Amino acid sequence: MDFRFDIIIEYAPFFLRGLLLTIGVSIAAIIAGLILGLIIGLGKMSTNRLIRLPFAWYINFFRGTPLVVQILLVHFGVMPIFFAQPSATVSLIVSLSLNSAAYVAEIFRAGIQSIDKGQMEAARSLGMTHAQAMRYIILPQALKRMIPPFANEFIVLIKDSSLGLVIAAPELMYWGRAAQGQYYRVWEPYLTVAFIYLLLTLSLSKLLHYLERKYSTQ
């Protein structure tokens, strides 16, 4: 096979630009997804059915519909309500954050409910409020158990950022598609993009495995 390294060299600055954007988008979506996911997860655990219902349907919608459809709805439907010329990058961050929050909420819920109920009762008997017991007793223990599912979710989120291609967000996959369109070559741009994504996900996986081992011994 005639493998043209000159295409990779020519597009290296664009791949680097796309890589930085992919990392930035992923970090922003992970942070926003964690915050929203915690709120939604706690909301779904409410004993009041009226409070629990909207959170449950939020999770149902974002887990039950394709991410690419959510990205198109956010970019072409929601963002124009607030901005005359929506940014594809901002739309991608918002879409990934909303989608990730649904999965993170379920991780929080499962992690919190995996802690023995006696822990909460013991904390309340010591005079703590429900919020204090959650903050100082339940969540620290639950977070250790959440690290493996969080690792899976964050890796999926990084790979899902490639769907920004459909709204022309200039992330990594966008530049791979641009190189393919210019030279009508498939292997060079897409193998390069795949290799960069592999490095990203393996690095994150190693980091999270380190955190898992560290906190499991405490």
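Model, not experiment: these values are computed from the prediction. Scope of the values below: all heavy atoms of this structure, side chains included, with no hydrogens, waters or symmetry mates.
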Close side-chain approach of [X] to [Y], heavy-atom, < 4.5 Å:
X      : Y      : value
Glu171 : Ser162 : yes
Ile112 : Met146 : yes
Ile31  : Ile27  : yes
Leu21  : Leu172 : no

Given 3.5 Å as the limit, does a donor-acceptor pair link the side chain of [X] with the main chain of [Y], or not?
X      : Y      : answer
Ser205 : Leu202 : no
Thr22  : Gly18  : yes
Arg109 : Lys44  : no

message: More than 12 heavy atoms of other residues, nucleotides or ligands under 6.0 Å from CZ of Arg135: yes or no?
response: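 No, because the 6.0 Å sphere around CZ of Arg135 holds 12 heavy atoms or fewer from other groups.
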Where is the tightest heavy-atom contact between [X] and [Y], given as atom of each residue plus distance?
X      : Y      : result
Phe62  : Ala102 : CB-CB, 3.7 Å
Gly164 : Leu92  : CA-CD1, 3.7 Å
Gln180 : Arg185 : CG-O, 3.1 Å
Ala123 : Ile137 : CB-CG1, 3.9 Å
Ala32  : Ser97  : CB-OG, 3.4 Å
Pro149 : Ile107 : O-CD1, 3.7 Å

Say you draw a straight line from [atom1] of [X] to [atom2] of [Y]; how long is it, rounded to the nearest 0.5 Å?
X      : Y      : atom1 : atom2 : answer
Arg17  : Trp175 : CZ    : CH2   : 5.0 Å
Ile71  : Leu163 : CD1   : CG    : 4.5 Å
Leu73  : Leu98  : CG    : CG    : 11.0 Å
Ile138 : Asp116 : CD1   : CG    : 8.5 Å
Ile115 : Gln141 : CD1   : CD    : 4.5 Å
Phe154 : Ser26  : CZ    : OG    : 11.0 Å

Throw together a table of side-chain donor-acceptor distances under 3.5 angstrom for residues 75-90, partners on residues two or more places apart or in other chains.
| residue | atom | partner | partner atom | Å |
| --- | --- | --- | --- | --- |
| His75 | ND1 | Ser91 | OG | 2.8 |
| Ser87 | OG | Thr89 | N | 3.3 |
| Ser87 | OG | Val90 | N | 3.3 |

ILVMFWY cluster, [X] and [Y] together (side-chain gap under 4.5 Å):
X      : Y      : value
Leu53  : Phe55  : no
Leu199 : Val156 : no
Phe195 : Leu16  : no
Leu20  : Leu198 : no
Met45  : Tyr103 : no

- request: Check the angle between the aromatic planes of Tyr11 and Phe14 and answer parallel, tilted or perpendicular using the 30° and 60° thresholds.
  value: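 Tyr11 and Phe14: tilted rings.
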field: Pair Glu188, Tyr183: side-chain N/O donor-acceptor within cut-off below 3.5 Å
entry: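 Not at all, the side chains of Glu188 and Tyr183 share no donor-acceptor pair under 3.5 Å.
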task: For the pair Glu121 and Arg124, find out whether any cationic side-chain nitrogen is under 4.0 Å from an anionic carboxylate oxygen.
output: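 No.
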- prompt: For Ile30 and Val104, what are the C-alpha separation, side-chain angles and deciding distance, and is it a side-chain contact (heavy atoms from CB on, under 4.5 Å)?
  reply: CA-CA 9 Å; Ile30 286 171; Val104 169; over 6 Å; no
query: Would a line drawn from the ring center of Phe108 to the ring center of Phe150 be shorter than 6.0 Å?
result: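 Yes, they do, as the ring centres are separated by less than 6.0 Å.
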message: Taking side-chain hydrogen bond (donor to acceptor under 3.5 Å, both in side chains) as the definition, give me every residue that meets it alongside Gln70, ordered by chain and number, with sequence neighbours left out.
response: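 Gln70 satisfies side-chain hydrogen bond (donor to acceptor under 3.5 Å, both in side chains) with Thr65, Asn99 once adjacent residues are dropped.
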